[in-house]
Number of protein chains: 2
Amino acid sequence: MLPIAGAGTPERADAARNRQKIVHAAAKLVAAKGIDGLALDEVAAKAGVGIGTVYRRFPDKGALAQALLDENEREFQEAFISGPPPLGPGAPAAQRLSAFLEKYVDRLETHGELLMVAETETPMARFVTGAYRLHHSHLVALISEIEPEADAHFRADALLAPLAAAQYAYQRQSMTPEQIKAGLRDLYQRT
Amino acid sequence: MLPIAGAGTPERADAARNRQKIVHAAAKLVAAKGIDGLALDEVAAKAGVGIGTVYRRFPDKGALAQALLDENEREFQEAFISGPPPLGPGAPAAQRLSAFLEKYVDRLETHGELLMVAETETPMARFVTGAYRLHHSHLVALISEIEPEADAHFRADALLAPLAAAQYAYQRQSMTPEQIKAGLRDLYQRT
DNA sequence: TCCTTAAGTGGAAGTTTCTCCACTTAGTTA
DNA sequence: TAACTAAGTGGAGAAACTTCCACTTAAGGA
């Protein structure tokens with residue numbers, strides 16, 4: 001079980017079906033016209049369900065964006081938890097850390113718009129996700145291994161902070177992805 | 001002239017008067033019931049102007065929150081530009097940097113709610129402010145002095161990133177302000 | 001198979017946010 | 001002081017967001 005969704009009572013079959021319909025409809029609409037010009041009632045219409053149903057599954061646009069990112073997030077998690085090195089286990093912690101940050105930048109490049117919506121629709125949305133917690137604890141493990149003395153908890157947040165979608169988009173105005181990667185590497189390598 | 005507002009055509013006298021009325025009304029409402037339960041039409045009613053007028057001055061709640069923070073921001077800017085050391089000129093750059101970060105944390109403690117609204121109402125709102133630019137260029141100057149080789153531009157953003165209101169609020173759930181200050185100090189001192 | 005019940009559904013109705021534009025007024029020019 | 005013009009104004013109305021609840025249905029006993 002991936003830690004993205006908190007599993008309460010399992011969904012009923014019809015509900016799961018509707019969730020799929022909604023996500024598919026949303027994906028199509030996003031592909032067609034971007035995320036910004038996307039209203040939840042439009043999604044409902046396209047999916048052939050009532051607005052209430054959409055709101056029951058996805059409290060806001062951010063939650064829907066998260067759902068659209070779900071598959072990608074899943075792959076990312078598998079890659080750094082159990083995939084091949086240097087991202088996955090097997091490589092030295094420092095290399096894994098570096099690989100993690102670079103992969104994260106790559107994701108921001110390919111899915112920046114969705115990540116932005118997912119993170120900024122609600123203040124602090126980014127942090128209440130299981131995804132953030134997992135990324136954080138992964139970094140804590142790596143940092144503790146590299147530098148046992150450090151305040152790994154804070155350091156992990158500090159490394160993830162520049163990777164907030166909005167912050168990244170801003171930096172991207174004056175830097176290339178490679179420069180940002182270099183900057184991140186620099187940030188933790190000075191040990 | 002402080003760099004907070006981009007000065008286009010100067011405001012007409014009546015418009016400036018209304019801006020004052022709006023800001024005062026907003027300040028009262030915020031004091032009475034917090035920022036969250038505050039609708040712009042309420043502010044308009046309290047200020048005795050039309051909704052359209054409020055929107056002309058302040059495109060959204062974030063802009064209004066910024067206006068409420070204006071005086072505090074002004075004082076902060078004066079303190080690190082021309083105030084007494086260690087925040088202002090006269091102290092070694094490393095000490096000034098440390099003082100800046102600590103002062104920033106203090107502001108987050110006292111004005112966190114308003115800063116949150118100001119920064120998160122619109123994605124990237126934080127970065128388009130003159131305030132952010134000024135903080136950034138101040139840090140760039142200090143960092144370049146401490147460590148001429150570094151990519152001061154990126155480093156400055158990376159130091160400001162954990163000070164985003166939402167990020168800070170999140171970290172505050174598990175750390176004291178002092179721990180955060182220590183973490184920040186740690187972050188740049190490893191030179 | 002029937003009953004029970006808790007989850008799910010739709011969409012009307014209530015909020016809030018924001019735009020738009022016909023009208024008003026401050027400030028300037030002759 | 002009259003005329004001009006560009007900025008400012010107000011609030012109706014459109015659009016989006018969200019809640020609510022009477023009704024429906026799936027799933028799991030008895």
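In the text below, chain A, chain B and the rest are named by the order of the sequence lines, each starting its count at 1.
- Residues B:F58 and B:A67 approach most closely at CE2-CB, 3.6 Å, considering heavy atoms.
- A donor-acceptor contact shorter than 3.5 Å links the side chain of A:S144 to the backbone of A:V140.
- Across all strands, B:D41 comes closer than 4.0 Å to base atoms (heavy-atom distances).
- Taking all atoms of both residues into account, the shortest heavy-atom contact from A:R126 to A:T129 is O-OG1, 3.0 Å.
- Classification of the B:H136-B:Y132 ring pair by plane angle, with boundaries at 30° and 60°, yields parallel.
- Judged by closest nucleotide on DNA chain C, B:I51 is the one of B:D14 and B:I51 placed further toward the 5' end.
- Going from atom CD1 of B:I22 over to atom P of D:dG10 covers 9 Å, rounded to whole Å.
- One atom, CD1 of B:I35, and another, P of C:dT16, lie 17 Å apart when rounded to the nearest Å.
- Computed from coordinates, the A:E42 CD to C:dG11 P distance equals 17 Å when rounded to whole Å.
- Shown for residues 53-61 of chain A: residues whose heavy atoms fall under 4.0 angstrom of DNA chain C, namely A:T53, A:R56, A:R57.
- Rounded to whole Å, the distance from CG on B:L64 to C1' on C:dT17 is 14 Å.
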Can I get a per-line list of side-chain donor-acceptor pairs under 3.5 Å for residues 111-124 of chain A, giving both atom names and the distance, sequence neighbours left out?
{"unit_1": "A:E119", "atom_1": "OE1", "unit_2": "A:A165", "atom_2": "N", "d": "2.8"}
{"unit_1": "A:T120", "atom_1": "OG1", "unit_2": "A:M116", "atom_2": "O", "d": "2.6"}
{"unit_1": "A:T122", "atom_1": "OG1", "unit_2": "A:D60", "atom_2": "OD2", "d": "3.1"}

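- Atom P of nucleotide D:dT25 and atom CZ of A:R17 are separated by 12 Å, given to the nearest angstrom.
- We find that CG of A:L40 is positioned 15 Å from C1' of C:dG10, with the value rounded to whole Å.
- A salt bridge links B:K181 to B:D106: one of the charged nitrogens lies within less than 4.0 Å of a carboxylate oxygen.
- Between A:N18 atom CG and D:dT24 atom P there is a gap of 17 Å when expressed in whole angstrom units.
- Both A:R12 and B:L38 lie near DNA chain C, and the one whose nearest nucleotide falls closer to the 5' end is A:R12.
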